[in-house]
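Let me begin by handing over the structure; questions about it come next.
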Amino acid sequence: MVVGDFAIELDTVVVGSGPGGYVAAIRAAQLGQKVAIIERDYIGGTCLNVGCIPSKALINAGHVYHNAKHGDFFGVNTKDITVDFARTQQWKDEEVVGKLTGGVEMLLKKNKVEIIEGEAFFVNDNTLRVIKEDAAQTYSFKNAIIATGSRPIEIPGFAFNDRVLDSTGILALTDIPKDLVVIGGGYIGSELAGAFANFGTKITILEGSPQIIPNFEKDMVRLVENEFKEKDVEIITNAMAKEASVDGDRVTVTYEVGGKTHTVEADYCLVTVGRRPNTDEMGLELAGVRVGDRGLIAVDDQCRTSVKNIYAIGDAVEGPALAHKASYEAKVAAAAISGDESTVVDYVAIPAVCFTDPELASVGHTQESAKEAGLDVKATKFPFAGNGRALSLNHTDGFVRLITTKEGNVIVGAQVAGPNASDVIAELTLAVESGMNAEDIALTIHSHPSLAESVMDTAEAALGMPIHM
Ligand code: FAD
């Protein structure tokens, strides 16, 4: 191994180039700092390479296929529809992921961020070593931002191999599986199950808790369960996955429900039971950075760790493991390093979206969490069945729900289950973030016909004067 015998001096160094790291690097550069970013794998991190973006590309391709097959509903003749999955994957990899990661690399360069390839290890609180293959170089830094993200959790009995896959493995398949067992029906498992169900794969979901997608409310999840049922997806809840055994090109999964043992066989088993922060094995203890029980780095409201010149953001710290939360924290950390003491994180409105059929989205309080927080609220629901745009899309399942204070009608939370909920939630996120009330929404002119009109209709209903209900 060649070890650089002198330390190259850096001003601000960012470790990891996901939606946390690359945004932090660009913002810090915009604020006048000399920035370097260190990445051991691919620019763009989990999100752009093996997470949000490729999964949504496959989900969309699955929709195109499924809708084409069912086009006769609209009077479109859809005989002999087939999928060229190799082309689907090529499109995903080259024209979606490739373009986006190339774009991020260009943005980093445009902002004069130095890209350093290799794996970073802290030596102390102002030095780190970067190792790439058989070469190593030492760097000293004034400030560091840890944005090392997370990786899939492997569970006993389910060691990853070419039939027992994590989310990265399933996204890289070259053929559509005939059947697939999904261990863990959280949002990643349910999204990927939905994508492959749309391609015609027979899916079995084994979920340990009483409900899939446990982070969302029952009346929202029921819509997804109904859709899964229509596509012949079997959901087995309260199931404890025990073991996977591979025999040739088949895998048998053993699981228990209520003390009884069962098995299910498939082409592949996908394990999506959660993710673990990438905070081990990078020398954080040598830098004095305090790491909590679950490997998450403890930070203050400016994302500063227990060491004053080292910050941490994204999946490596507490809070929902979401790309937009990582990017938000990135901007706060970059501002803090640049001497801004007033910019602090405020998590009042972090939207969460599950890209199932239909999409589920939530921001701020649910009715239950609002009550637990001591707020006197009411919930108002408006169904997409009363929305012209939803009808023209043939997607009328679902609703918009507003959680408003009984006094003043302040919007403290909202849920959307239905077509394009991922976009409809944006207006409601702004409403919660800005402390708007139902009247603010009701008096805003919404374009017609649009799904967003349902937000206005819900606000009018909350005020006791619904037009379309
Ligand atoms: P990451 O994106 O994980 O990036 C961390 C980077 O750090 C990686 O590139 C890694 O190689 C690098 N790194 C780690 N250690 C070192 C080291 N020592 N030296 C150098 N480099 C290092 N979130 C959403 O908001 N919406 C979605 O729809 C969504 N869908 C998802 C679908 C899937 C299948 C998966 C797996 C995740 C999804 N997520 C989604 C979650 C999202 O991807 C993460 O929350 C997000 O990527 C976290 O960003 P980050 O910057 O903290 O870390």
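The chain is numbered in sequence order, starting from 1. In this text, all values refer to a predicted model and were calculated from it rather than measured experimentally. When a ligand or atom number is given, it counts from 1 through the structure's own listing order. Quick note: numbers below take in every heavy atom, side chains included, and nothing from hydrogens, waters or symmetry partners.
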Review point. Based purely on interatomic distance, does Y187 place a nitrogen or oxygen under 3.5 Å from a nitrogen or oxygen of ligand 1?
Key: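 Between Y187 and ligand 1 (N or O atoms, distance only) the closest approach is under 3.5 Å.
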Quiz item: Quick one: does I236's side chain get under 4.5 Å of T204's, heavy atoms only?
Solution: yes
Are a donor atom and an acceptor atom from the side chains of S209 and E207 found within less than 3.5 Å of each other?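 Their side chains do contain a donor-acceptor pair, which is all the 3.5 Å distance test asks for.
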Q.
Under a 3.5 Å threshold, yes or no: a donor from one side chain and an acceptor from the other, between S150 and N278?
A.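 No, N278 and S150 have no side-chain donor paired with an acceptor closer than 3.5 Å.
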Where ligand 1 meets A321 - atom numbers and elements under 4.0 angstrom, heavy-atom basis: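 So the answer, numbered in order with elements, is 41 (C), 45 (O).
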message: Do D357 and K231 have side chains that approach each other closer than 4.5 Å (heavy atoms only, starting at C-beta)?
response: yes
Got an N/O contact under 3.5 Å between S55 and ligand 1? no
Judged on heavy-atom distance to atom 20 (C) of ligand 1, which of A147, G283, G118 sits nearest?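 It is G118 whose heavy atom sits nearest to atom 20 (C) of ligand 1.
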Side-chain donor-acceptor pair under 3.5 Å between N126 and N143, yes or no? no
Do the side-chain N and O atoms of E318 and Y347 include a donor-acceptor pair separated by under 3.5 angstrom?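 There is no such pair (donor and acceptor under 3.5 Å, judged by atom type) between the side chains of E318 and Y347.
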> Any idea which protein heavy atom is nearest atom 24 (C) of ligand 1, and the distance to it?
Replying inline: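 Residue, atom and distance for the closest contact: A323 N, 3.5 Å.
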*Side chain, backbone, both or neither: which part of A120 has a heavy atom under 4.0 Å from ligand 1?*
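Both backbone and side chain.
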Looking only at protein heavy atoms, what sits closest to atom 46 (C) of ligand 1 is P19 CG, 3.8 Å
Note to self: Geometry only, no angles: is A326 polar-contacting ligand 1 at N/O separations under 3.5 Å?
What the structure shows: no
Nearest non-hydrogen protein atom to atom 7 (O) of ligand 1, with distance, is G16 CA, 3.2 Å
Under 3.5 Å between any N/O of S167 and any N/O of ligand 1: does that happen in this structure?
no
Do E154 and V271 come close enough that some side-chain heavy atom pair is under 4.5 Å? no
- Task: Check ligand 1 against G18 and write out every atom of the ligand that is under 4.0 Å from a heavy-atom position of the residue.
- Result: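 Near G18, the atoms of ligand 1 are 2 (O), 4 (O), 51 (O).
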How about F199 and F85: are their ring centroids closer than 6.0 Å?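 Yes, ring centres under 6.0 Å apart.
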**Asked** Going by distance alone, is a donor N or O of one side chain under 3.5 Å from an acceptor N or O of the other, for K142 and N309?
**Response** no
Among all protein heavy atoms, pick the one closest to atom 51 (O) of ligand 1 and tell me residue, atom and distance.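 So the nearest neighbour among protein heavy atoms is G20 N, 2.8 Å.
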query: Any side-chain donor-acceptor pair under 3.5 Å between Q33 and T12?
result: yes
Atom NZ of K308 with >12 non-hydrogen neighbours under 6.0 angstrom
no
Ligand 1 to R275, heavy atom cutoff 4.0 Å, flagged ligand atoms 36 (C)
Starting from atom 13 (N) of ligand 1, which protein heavy atom do you reach first, and at what distance in Å?
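For this ligand atom, the closest protein heavy atom is R40 NE, 3.7 Å.
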Ranked by distance from atom 2 (O) of ligand 1, the top protein heavy atom is T46 N, 3.0 Å
Less than 4.5 Å apart, side chain to side chain, heavy atoms only: is that true for R163 and D267?
yes
| Can you tell if the side chain of I37 reaches within under 4.5 Å of the side chain of E114, non-hydrogen atoms only? | no
#### Entry: Geometric N/O contact D315 with ligand 1, under 3.5 angstrom
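Yes; at least one N/O pair falls below 3.5 Å.
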Counting heavy atoms under 4.0 Å, the part of C52 that contacts ligand 1 is both
With distance as the sole criterion, is a donor-acceptor pair present between the side chains of H395 and N420 under 3.5 Å? no
Q. Which atoms of ligand 1 have any heavy atom of G45 under 4.0 Å away?
A.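 The list of qualifying atoms is 2 (O), 4 (O), 8 (C), 9 (O).
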* When you check the side-chain N and O atoms of S422 and E359, is any donor under 3.5 Å from an acceptor? ->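 Yes, because at least one side-chain N or O of S422 sits under 3.5 Å from a partner of the opposite role on E359.
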If you scan protein heavy atoms around atom 9 (O) of ligand 1, the nearest is E39 OE1, 2.7 Å
Short version for V15: what comes under 4.0 Å of ligand 1, heavy atoms counted, is side chain
Regarding atom 15 (N) of ligand 1: of the candidates T148, T279, V353, which has the closest heavy atom?
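It is T148 whose heavy atom sits nearest to atom 15 (N) of ligand 1.
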In this structure, atom 53 (O) of ligand 1 is nearest to the protein heavy atom G149 CA, 3.1 Å
Per-atom filter on ligand 1: closer than 4.0 angstrom to a heavy atom of K56 are 27 (C), 28 (O), 29 (C), 30 (N)
### Query
Under 4.0 Å from ligand 1, counting heavy atoms only, is it the side chain of F121, its backbone, both or neither?
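Near ligand 1, F121 shows nothing, with every heavy atom at 4.0 Å or more.
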key: K34, NZ: over 12 other non-hydrogen atoms inside 6.0 angstrom   =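 No, not enclosed.
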Checking contacts here: is it the side chain or the backbone of S150 that comes within 4.0 Å of ligand 1, counting heavy atoms only? Could be both or neither.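 Backbone only; the side chain of S150 stays clear of ligand 1.
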Numbered atoms and elements of ligand 1 in range of G314, under 4.0 angstrom, heavy atoms: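 Close to G314: 52 (O).
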| message | Considering both backbone and side-chain atoms of L192, is one of its nitrogen or oxygen atoms within less than 3.5 Å of a nitrogen or oxygen in ligand 1? | response |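 In this structure, L192 places no N or O atom under 3.5 Å from an N or O of ligand 1.
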Ligand 1 atoms nearer than 4.0 angstrom to some heavy atom of C47 are 2 (O), 43 (O), 47 (O)
Per-atom filter on ligand 1: closer than 4.0 angstrom to a heavy atom of I188 are 33 (C), 34 (C), 35 (C), 36 (C), 37 (C)
So is there a nitrogen or oxygen of L171 less than 3.5 Å from a nitrogen or oxygen in ligand 1?
->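 For ligand 1, there is no N or O atom that lies under 3.5 Å from one belonging to L171.
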Are I297 and R290 packed together at the side-chain level, in the sense that at least one heavy-atom pair is separated by less than 4.5 angstrom? no
